[in-house]
Amino acid sequence: MDEQALLGLNPNADADFRQRALAYFEQLKVSQDAWQVCAEALAQSIYSDDHIKFFCFQVLEHQIKFKYSELTEVQQQLIRETLITWLQAQMLNPQPEKTFIRNKAAQVFALLFVTEYLTKWPKFFFDILSVVDLNPQGVDMYLRILMAVDAELVDRDVVHTSEEARRNTLLKDTMREQCIPSLVESWYQILQNYQYNNSELTCQCLEVVGAYVSWIDLSLIANERFINMLLGHMSVEVLREEACDCLFEIVNKGMDPIDKTKLVESLCQVLQSAGLFSIDQEDDVDFLARFSKLVNGMGQALIASWTKLVKNGDIKSAQDTLQAIEAKVALMLQLLIHEDDDISSNIIGFCYDYLHILKQLSALSDQQKANVEAIMLAVMKKLTYDEEYNFENEGEDEAMFVEYRKQLKLLLDRLAQVSPELLLASVRRVFNTTLQNWQTTRFMEVEVAIRLLYMLAEALPVSHGAHFSGDVTKATALQDMMRTLVTSGVSAYQHTSVTLEFFETVVRYEKFFAVEPQHIPTVLMAFLDHRGLRHTSPKVRSRTAYLFSRFVKSLNKQMNPFIEDVLNRIQDLLELSPPENGYQALLSSDDQLFIYETAGVLIVNSEYSAERKQVLMRNLLTPLMEKFKVLLEKLMMAQDEDRQMALADCLNHAVGFASRTSKAFSNKQTVKQCGCSEVYLDCLQTFLPALSCPLQKEVLRSGVRTFLHRMIICLEEEVLPFIPSASEHMLKDCEAKDLQEFIPLINQITAKFKTQVSPFLQQMFMPLLHAIFEVLLLPAEENDQSAALEKQMLRRSYFAFLQTVTGSGMSEVIANQGAQNVERVLFTVIQGAVDYPDPIAQKTCFIILSKLVELWGGKDGPVGFADFVYKHIVPACFLAPLKQTFDLADAQTVLALSECAVTLKTIHLKRGPECIQYLQQEYLPSLQVAPEIIQEFCQALQQPDAKVFKNYLKVFFQRAKP
């Protein structure tokens, strides 16, 4: 071995040595006999360095995994012997190997097992057992090998091919026949031997039993001697967690419902008599979390049995099983209410399924009603934040609590299905009691009271948020609670969680304000003052900005009396934050977008005259325009890169804010009707000069482009005079990404205005194409993935542009570019259809080709086009699908083939019998297609139903490919 290279295996070695070691590993992997050197090193314990031993196992692993079939019988025998010799040596080692080496060795054993058990090494386990006997170091390896074998055969996280899955099934079947009873016996011996003097081996063995129980005969484990031993382990502190998991796996095993009920009941009796059901006397939370999982497993197993028995019509046994379930509810409730959330979380599945049973029963007993109420109280209590929750800096613990809360919400929703009246009454009681004394109540209780009201909206669903009509009892209860919420003054509570919950709930029940509009001013003030948009917490301000915009939108006409007042109060929040360092604005620019949108909505939806709306909109947008001009001048002068970036961002925000205000317009309230066209045209004139700014092009262009997209929708044809100069600027020294983002703008204009923009398109068609071709022809580094991807995306955009032009009935835009240019464009489409392995682009190209054939392929089409059809379009329809890269198993490719079929159908439609003749006599014979297949192809093409030909074409190419 290359000793120098081996030095690099040490994690502390320097980079050069590590690099050399990696290269050496690659070299050994491809070498014919390097594995033998490694095998010898392991068998004879030549190296003491742990990293070298691990390395040797890695080389062997690679050999077994990828090159085993290349070895001779003798060499394969040598690998078997090496592993057994290494195993024998483990028994004599004064110190066991490091864990990572033992795990790697176990993996190599397991790989060899998978490869050889069915053929060369049927005595695999017996050979290992005869070596290890009851030696502790040997047993440790034996158990690790068993876990590695289980991982190879049944690990759900590993994706197996169908071939591997078949092999694994065969391996398990053979093991069940030949060795499982002996393995189970060995586990029993190990447990009996080590349960009192080696907890580590005992736990390892329990883990093996738990893993194998899912796929071996259960009676081998679920019998008196095994279960008694496991139950004994339940009262040994160092063993009970593993014993719990092992029992869980046994309970989880699929079996006959009556037998399952008996098994669970007998387990429960013993666990109960051992005092394990007395939760309050147990303070080991780790054990209780496992125990909770076991009780959950037992509960869900009984419920699964009950469901099967009811389905089978065995009412007597179902009744017995239901009694068994009911008997566990008290224990379930103790675990659900436990102060440790992990313990509580583990029992939620049983709880949820139990409620599902109650939902199916025609009537509930008093005890069942009491259980529902107890679950409800438990959920309400457990939804509460604890003192430790860090609202300002949420970490992993906080994220886990948020997830746990989601599980509790599912329970609450299920409770609502079982007894909506009870849920409503309970929430109302808690809510009213808490809000009566909110000033003296702890924040977490106030938060949860409002949270429960918020959650009722989903637990008791209605269509379109109509919570305040229909069912009178429910509507009255919710209306009373909402009235209390907005009049109690709780919005002033000094805790962010309560503040946020208040605003979330007000917005969720916005329909309340249609019934009692007198409360709108109170809530608006809460939004606008230190409780909301001016709160000390940035998190509250940010969320409130979004909720405020939702609130205002939902109230629509009811906002009329307050519009001017609100616009005045938000004036300072609309200011563009200057790019000066250290300036701390109340809202981030993302939050300001919502405030601008809200301002736009207030103005547009108001009942003011068009003149008044125009004045208000001008007041809103003029400061942005003025600031924009000043900042653009500053940017032109700025020398420092950071300063340039800050200014460009600020300019971009200004454009973004103006864009956002335009979202307020709709088909009913257009820009024209509101008299606002002029303001937005002024904005356009203000923003467009930024396109010719040579600095920070990408940021500025992106903002202005988005604004143009909005204006095309809002201003319609009024925007057209601005498009030519804007396009000219955007095409100057641009890169792939710029073009890719510019093309959708042109597509939008083309699709919307069609022939209106024909002269403009004809004029800019070739400049745009030159810009695209220039970028596509730029040489790129061979391995530059991102450049290749950008080109691919640009190519797609280019074809999408041609598709829009041809699809909008404006083929004359292409036709008028002069014969040479037309030809060049057509060839790029043929190339796109055939040469690039990109099914999305290929599909678009075939759509363009069929459209052009439809428009130009008749007798009166352009001179020479019919020739082009036969020389290039028809061949493209065959050459593309015949390529190796054209994968007919891929969904996108099948769509491309479908468009290819449409192209051929369109050619036949436009050229008639002449097309059939060409295929029969010239083209298909040139591809060496057999005469009978040619006949079949032409018949399929002539079928009136296009679908028939599409299906045929797929089969045709599947047969044609090797």
Subject >> Audit row: Gln436, Thr484, side-chain contact (heavy atoms from CB on, under 4.5 Å) steps and yes/no >> reply: CA-CA 9 Å; Gln436 267 162 9; Thr484 304; over 6 Å; no

Subject >> Parallel, tilted or perpendicular: ring planes of Phe125 versus Phe113, cut at 30 and 60 degrees >> reply: tilted

Between the side chains of [X] and [Y], does any donor sit under 3.5 Å from an acceptor?
X      : Y      : answer
Asp397 : Tyr389 : no
Ser426 : Glu373 : no
Asn390 : Glu398 : no
Asn103 : Gln107 : no
Glu447 : His495 : no
Glu326 : Tyr354 : yes
Arg240 : His233 : no
Tyr196 : Thr202 : no

Quick check on [X]: does its [atom1] atom have over 12 non-hydrogen neighbours (other residues, nucleotides or ligands) under 6.0 Å away?
X      : atom1 : answer
Gln319 : CD    : no
Gln192 : CD    : yes
Glu396 : CD    : no

**OP:** Could you walk me through whether Arg102 and Glu97 pass the salt bridge (charged side-chain N to carboxylate O under 4.0 Å, His left out) test, one step at a time?
**Re:** CA-CA 6 Å; Arg102 284 180 277 162; Glu97 293 283 9; over 6 Å; no

Counting distance only, does the side-chain N/O of [X] pair as donor-acceptor with the main-chain N or O of [Y] below 3.5 Å?
X      : Y      : answer
Thr321 : Trp306 : no
Asn193 : Gln189 : no
Lys253 : Val213 : yes
Lys262 : Ile258 : no
Ser278 : Asp280 : no
Asn296 : Phe350 : yes
Tyr509 : Ala457 : yes
Arg405 : Leu383 : yes
Ser305 : Ala301 : yes
Lys474 : Pro420 : no

Taking atom [atom1] of [X] and atom [atom2] of [Y], what is their separation to the nearest 0.5 Å?
X      : Y      : atom1 : atom2 : answer
Gln269 : Phe277 : CD    : CZ    : 9.5 Å
Leu118 : Leu171 : CG    : CG    : 4.5 Å
Met147 : Cys205 : CE    : SG    : 11.0 Å
Thr434 : Leu453 : OG1   : CG    : 11.5 Å
Glu403 : Asp341 : CD    : CG    : 12.5 Å

Original post:
Is the Lys NZ or Arg CZ of Arg225 less than 6.0 Å from the centre of Tyr188's six-membered ring, within 45° of the axis?
Top reply: yes

**OP:** Find out whether the Lys NZ or Arg CZ of Arg451 is both under 6.0 angstrom from the six-membered ring centre of Tyr385 and within 45° of the ring's axis.
**Re:** no

Original post:
So among Tyr142, Phe226, Tyr212, which one has a ring pair (Phe, Tyr, Trp, His ring centres under 6.0 Å) with Trp187?
Top reply: Tyr212

**OP:** Begin from the C-alpha positions of Asn168 and Glu164 and carry the test side-chain hydrogen bond (donor to acceptor under 3.5 Å, both in side chains) through to its verdict.
**Re:** CA-CA 6 Å; Asn168 290 350; Glu164 287 170 339; over 6 Å; no

Are any of the side-chain heavy atoms of [X] and [Y] separated by less than 4.5 Å?
X      : Y      : result
Gln367 : Asn371 : yes
Lys260 : Val264 : yes
Thr261 : Ser317 : no
Ile375 : Met332 : yes

Original post:
Centres of the Phe124 and Tyr117 rings: under 6.0 Å?
Top reply: no

Subject >> Tyr454 and Phe503 aromatic centres sub-6.0 Å >> reply: no

Original post:
Please walk me through it: do Leu435 and Thr441 pass side-chain contact (heavy atoms from CB on, under 4.5 Å)?
Top reply: CA-CA 9 Å; Leu435 263 80; Thr441 307; over 6 Å; no

Are [X] and [Y] ion-paired here, with the side-chain N under 4.0 Å from a carboxylate O?
X      : Y      : value
Glu458 : Arg508 : yes
Lys539 : Glu392 : no
Arg428 : Asp480 : yes
Arg144 : Asp140 : yes
Lys328 : Glu265 : yes
Asp217 : Arg176 : no

**OP:** Verify side-chain contact (heavy atoms from CB on, under 4.5 Å) between Leu153 and Thr169, making sure each step is shown before the conclusion.
**Re:** CA-CA 8 Å; Leu153 297 184; Thr169 304; over 6 Å; no

**OP:** Could you please spell out the steps behind the side-chain hydrogen bond (donor to acceptor under 3.5 Å, both in side chains) verdict for Tyr194 and Ser199?
**Re:** CA-CA 7 Å; Tyr194 287 113; Ser199 58; over 6 Å; no

**OP:** Show your reasoning for whether salt bridge (charged side-chain N to carboxylate O under 4.0 Å, His left out) applies to Lys316 and Asp320.
**Re:** CA-CA 6 Å; Lys316 167 79 181 74; Asp320 294 345; 2.8 Å; yes

**OP:** Could you walk me through whether Glu249 and Ile221 pass the side-chain contact (heavy atoms from CB on, under 4.5 Å) test, one step at a time?
**Re:** CA-CA 11 Å; Glu249 293 298 342; Ile221 305 290; over 6 Å; no

Original post:
When you look at Asp413 and Lys409, which way does the salt bridge (charged side-chain N to carboxylate O under 4.0 Å, His left out) test go after all the steps?
Top reply: CA-CA 6 Å; Asp413 292 348; Lys409 180 198 172 299; 2.6 Å; yes

Subject >> Distance-minimising heavy-atom pair for Ala165 and His160 >> reply: N-CB, 4.3 Å

Subject >> Matching residue for Leu247 among Leu206, Asn252, Leu231 - test: side chain to side chain contact (heavy atoms under 4.5 Å, CB included) >> reply: Leu231

